[in-house]
Engineer: 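Here you go, one structure.
Here, residue 1 is the first one in the sequence, and each next residue gets the next number.
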Amino acid sequence: MSKKQKNRVPGDGVETLDRISESPDVLLVQILSLLPTEDAVKSCVLSKRWRYLWTSIHTFLFSNRNYNKLENFISFVDNVLTHSTCSKIKKFQLDFHHTDWKFHSEISQWLNFAVENKVEDVSLDAHLYFYPSADELAYELPLTMYTCSSLITLYLSHWVFDKGLNIAWNSLKSLTLDSIELEADDIVILLSSCPALETLELSFCKVCRRIEITSSNLKRLTLTYPSEPLNGEYDSLEIFAPHLKHLDISGELGDFKCMLVNISSLVIARLAFSICCITDYWNKEDIKEDSCRDYHQVIRNLILDYLQKLSYATELIIGCWFAEVVFMMKLEGVMLPELRCKCLTLELRVSEYNLYGIASLLQTSPLLESLNINITYEYCDPPC
């Protein structure tokens, strides 16, 4: 036994590191690719064995969180990409934390590098605490990004949609847009430019009056906090998606209402949103009792329409606000449509009338095989 082996203590860090170092390069590169790129680069000081392994990583995760100077962040990213030997990038993620840095040209160069190396997953996330105008955007997409044929997953936040650009994301399967303004024809153009798209998520987006999805490939639509209509023109959003299989609506919608026009193929639905009473937006002294009562009836009719449209869904996940509105309607003697779901999940607060409400839903669900009840202690707006 060598002196080096004799001096080792079983289970110590040195022995563990040596064992990892004995792994093949392809495995070590895979491990480094799971780390933030800054940590992956730091591995070069471990030993000669690790000195250049980071140059082969296929996932790049950059964040400006730990940088006080713009030039230092740019220098680091430039250095990493210059020394990269990867010929196919699996993921390129760039996170901007709240900052007034402007480096559009550098971002374009980095994204061009990713496109040239057949990137599959791009995430450009601006962690801003305000809704920026076009001049305040943290980044701009280079033209090469709009025709990237290798792109499979794309996440964009605070991006202005340009109708004049030629978009051809022929391989894109998942698209997430965060804090973006979208007209009706914008969505049509995007969907026609992504023939393979299967998942669309809109988060904090200013949206038009109607989302129309006619593609038979797109199966999942997620709407998170779609609380502000585009240009303040509408108080409702119509969803027309006859081939959709999975619908998820969540967030505090204010007085903004999502209307289900055609979702005839839906299999799974999650309704975890809440709608406020008009008294939360207007001075209570200025609102007549009849107006408030009429508004409440509008909400109840909306919920009844949801239950009717979703009556043939296989699985339903109902949030606490939605569930409590349903329970209150049942207490008032409202006839609920029959649900044909086999799996029902209720997200509930501790409430004195929840037990009666659950029993009422069970009576209207003759095919139910599985009931899940999740009790939440988090605050959610009370129903109208």
Engineer: Excluding sequence neighbours, so at least two apart, what forms salt bridge (charged side-chain N to carboxylate O under 4.0 Å, His left out) with E201?
Structural biologist: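 Listed in chain order: nothing, the list is empty.
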Engineer: Classify the ring geometry between F76 and F62 as parallel (under 30°), tilted (30 to 60°) or perpendicular (over 60°).
Structural biologist: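 Perpendicular.
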Engineer: With a 4.5 Å heavy-atom cut-off, do T59 and L34 have their side chains touching?
Structural biologist: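 Result no, sub-4.5 Å side-chain heavy-atom pair not found.
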Engineer: Take atom CG of N68 as the centre, draw a 6.0 Å sphere, and report whether it contains more than 12 heavy atoms from other residues, nucleotides or ligands.
Structural biologist: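 No.
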Engineer: Can you find a side-chain donor-acceptor pair between N112 and E116 that sits under 3.5 Å?
Structural biologist: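 There is no such pair between these side chains.
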Engineer: Would you say that more than 12 heavy atoms from the other residues, nucleotides or ligands in this model lie under 6.0 Å from the NZ of K173, or not?
Structural biologist: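 Not buried by this count: 12 neighbours or fewer within 6.0 Å.
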Engineer: How are the rings of F73 and W110 set to each other: parallel, tilted or perpendicular (split at 30° and 60°)?
Structural biologist: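 Ring orientation, 0 to 90° scale: perpendicular.
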Engineer: Does the pair E338/R340 count as a salt bridge with the N-to-O cut at 4.0 Å?
Structural biologist: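 Answer for the salt bridge query: yes.
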Engineer: Check the angle between the aromatic planes of W321 and F273 and answer parallel, tilted or perpendicular using the 30° and 60° thresholds.
Structural biologist: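 W321 and F273: tilted rings.
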Engineer: Near K88 NZ, under 6.0 Å, is it more than 12 heavy atoms from other residues, nucleotides or ligands?
Structural biologist: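 Yes.
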Engineer: Measuring from S236:OG to R209:CZ, what's the distance to the nearest 0.5 Å?
Structural biologist: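 Reported to 0.5 Å precision, the distance equals 5.0 Å.
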Engineer: Going by salt bridge (charged side-chain N to carboxylate O under 4.0 Å, His left out), name the residues that satisfy it together with D248, two or more places apart in sequence or in a different chain.
Structural biologist: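 Partners of D248 by the salt bridge (charged side-chain N to carboxylate O under 4.0 Å, His left out) criterion, ordered by chain and then number, come out as R270.
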Engineer: May I ask whether L339 and V325 are part of the same hydrophobic cluster, defined by side-chain heavy atoms of I, L, V, M, F, W, Y residues being less than 4.5 angstrom apart, directly or through others?
Structural biologist: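 Linked, L339 and V325 end up in one cluster.
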Engineer: Students often mix this up, so state it plainly: with edges at 30° and 60°, are the rings of F322 and Y306 parallel, tilted or perpendicular?
Structural biologist: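 The rings of F322 and Y306 stand perpendicular, inter-plane angle above 60°.
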Engineer: Side chains of L310 and L271, heavy atoms from C-beta outward: is any pair under 4.5 Å?
Structural biologist: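 Yes, at least one pair of side-chain atoms sits under 4.5 Å.
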Engineer: Considering the options K91, E120, Q30, which one meets the side chain to side chain donor-acceptor pair (under 3.5 Å) requirement together with H58?
Structural biologist: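 The single option meeting the side chain to side chain donor-acceptor pair (under 3.5 Å) with H58 is Q30.
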Engineer: Do D178 and Y155 meet the criterion of a side-chain donor-acceptor pair at a distance under 3.5 Å?
Structural biologist: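 D178 vs Y155: donor-acceptor pair found between side chains.
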Engineer: For E332, give me all partners under salt bridge (charged side-chain N to carboxylate O under 4.0 Å, His left out), at least two apart in sequence or on another chain.
Structural biologist: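 So E332 forms a salt bridge (charged side-chain N to carboxylate O under 4.0 Å, His left out) with R300.
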Engineer: How many angstroms lie between CG in L316 and CG in L247, if you round to the nearest 0.5 Å?
Structural biologist: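 Interatomic distance, L316 CG to L247 CG, rounded to 0.5 Å: 10.5 Å.
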